[in-house]
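Quick notes on the structure that follows.
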Amino acid sequence: MQEWEQAEPLIIERGSGPYLIDTEGRKYLDGTSSIWVNLHGHRHPALDRAVKNQLGKIAHSTLLGASNPPAIELARELTRIAPKGLAHVFYSDDGSTAVEVALKMAVQYWQQRHPEAGPKNTFLHLKLAYHGDTIGAVSVGNIELFHARYKPLLFPTVEAEPPYCYRCPLKLTFPSCHMACVDPIEEILSTRHRELAGFIIEPLIQAAAGMITQPAGYLGRVRKLCTKYDVLFIADEVATGFGRTGKMFACQHEGVTPDLMAISKGLTGGYMPLAATLATDEIYRAFLGPYEEFKTFFHGHSYTGNPLGCAVALANLNIFRTAATLAQVRSKITSLSRLLQPLYTLPHVGDIRLQGLMVGIELVQDKTTKEPYPVEARIGHRVAAEAQKRGLLIRPLGNIIVLLPPLSITKNELARMVEILYEAIATQAKEEERDKRRWPRAISS
Ligand SMILES: Cc1ncc(COP(=O)(O)O)c(C=O)c1O
């Protein structure tokens, strides 16, 4: 906060395609997709039009005791493209609320549908998980820096080690490990399933943890274990949904249907805040009953099912069809993977993790020992500042450089983004070496 007050603020005034333009007229490539939300670029004519058309009808009316045409049509579309079996949609406003809804639904489901199974009031999640910043979402999260201060407010959960292959908590190597990290999860599920309402997971990649990718087959295996032990499988597709990984949803890479699925971010193509929690018919039916039993799901936000958001979300999904977005993304993933190869030659690039158009580049002090940079080196921050000077906006996660371009990025723009990243990492890693040599002298004098 103190530095923010002193620094020159970045104030974005306009955008076009993958570019953002600030109030000084400076143009930047949007390397974060405006925090992982933008898919088809800024000022997309079809999306602009969808908002304007809906404004000509109504901006907002409540979904509490009523509905609106875009919300109905969008729910139909979402159940059509979602993993098979997710047949019901509950709207909210952002990724965190979609997660809160999933957690509350899961607990209430067990109480109302299988009271004999419980009380199932807690959740299993991975260490380093991130599911949002509201208290329930923080409770099932585990990123020390973001979450530690709020511990007194959190409910108890059960944690398992993540499949962080670069720094394997079990000190094993993939694939000879045969995913031994799944065994402790089975152990937890088999011994504690009576208290576990669900297992919440970011499918294929723990994004905010630093783009920690899961080995192929991991997701399918943990899903099967949840079925075996009667624990709901909750997929948080807030970051991975809507084509980010090359399929509409990450779960579809492994043929997984979750019991509950949280979506937001790309849902409106980065235009409006909107979220949804999708549920199976089995879960939906647990909330039916005579009036006096009050089985309803007591949860509703003021802007739930906002017509502007739903209208633009429908237009967003339509672009996937008209522009063959998924096929395009798959070919861009191949290009991106190739473009990133030269970065391995940089002495401080320890690991490059790629899942679809989501990239995490882990910078280390020493490549052989994998020794992380100390906090005071602020290496991620420095690389981001250097990239900004060169016309690329990124937002690092500690020592991990993150690149998440809009899905509509062209291959040339992608190449330019990676080129800037290369230059920014090379320059700042060298400068950091120089600073490091200066520091001890400065201290001793
Ligand atoms: C996997 C995941 N879940 C939930 C959230 C929270 O979403 P929001 O910031 O819209 O509340 C995020 C945000 O980055 C996320 O990456």
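We count ligands from 1, going down the list as the structure has it; atoms in each ligand are counted the same way.
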inquiry  = So that I can tick it off, tell me whether Glu3 and Arg378 are bridged by a salt bridge, with the cut-off set at under 4.0 angstrom between side-chain N and carboxylate O.
reply    = yes
message = The criterion is side-chain hydrogen bond (donor to acceptor under 3.5 Å, both in side chains); which residues satisfy it with Arg26, sequence neighbours excluded?
response = Glu8, Asp22, Tyr28
inquiry  = Can you see whether Glu13 engages Thr23 through a side-chain donor-acceptor pair at a distance of less than 3.5 angstrom?
reply    = no
request  = Report all protein residues having a heavy-atom distance below 4.0 Å to some atom of ligand 1; order the list by chain, then number.
outcome  = Trp36, Asp94, Gly95, Ser96, Tyr130, His131, Gly132, Glu202, Asp236, Val238, Ala239, Lys265
request  = In plain terms, say whether Arg221 and Glu254 are close enough for a salt bridge, that is, a side-chain N and a carboxylate O under 4.0 Å apart.
outcome  = no
ask   = Which pair of heavy atoms, one from Met105 and one from Phe90, lies closest together, and at what distance?
value = CE-CB, 3.7 Å
ask   = Looking just at side-chain N and O atoms, do Asn142 and His125 make a donor-acceptor pair shorter than 3.5 Å?
value = no
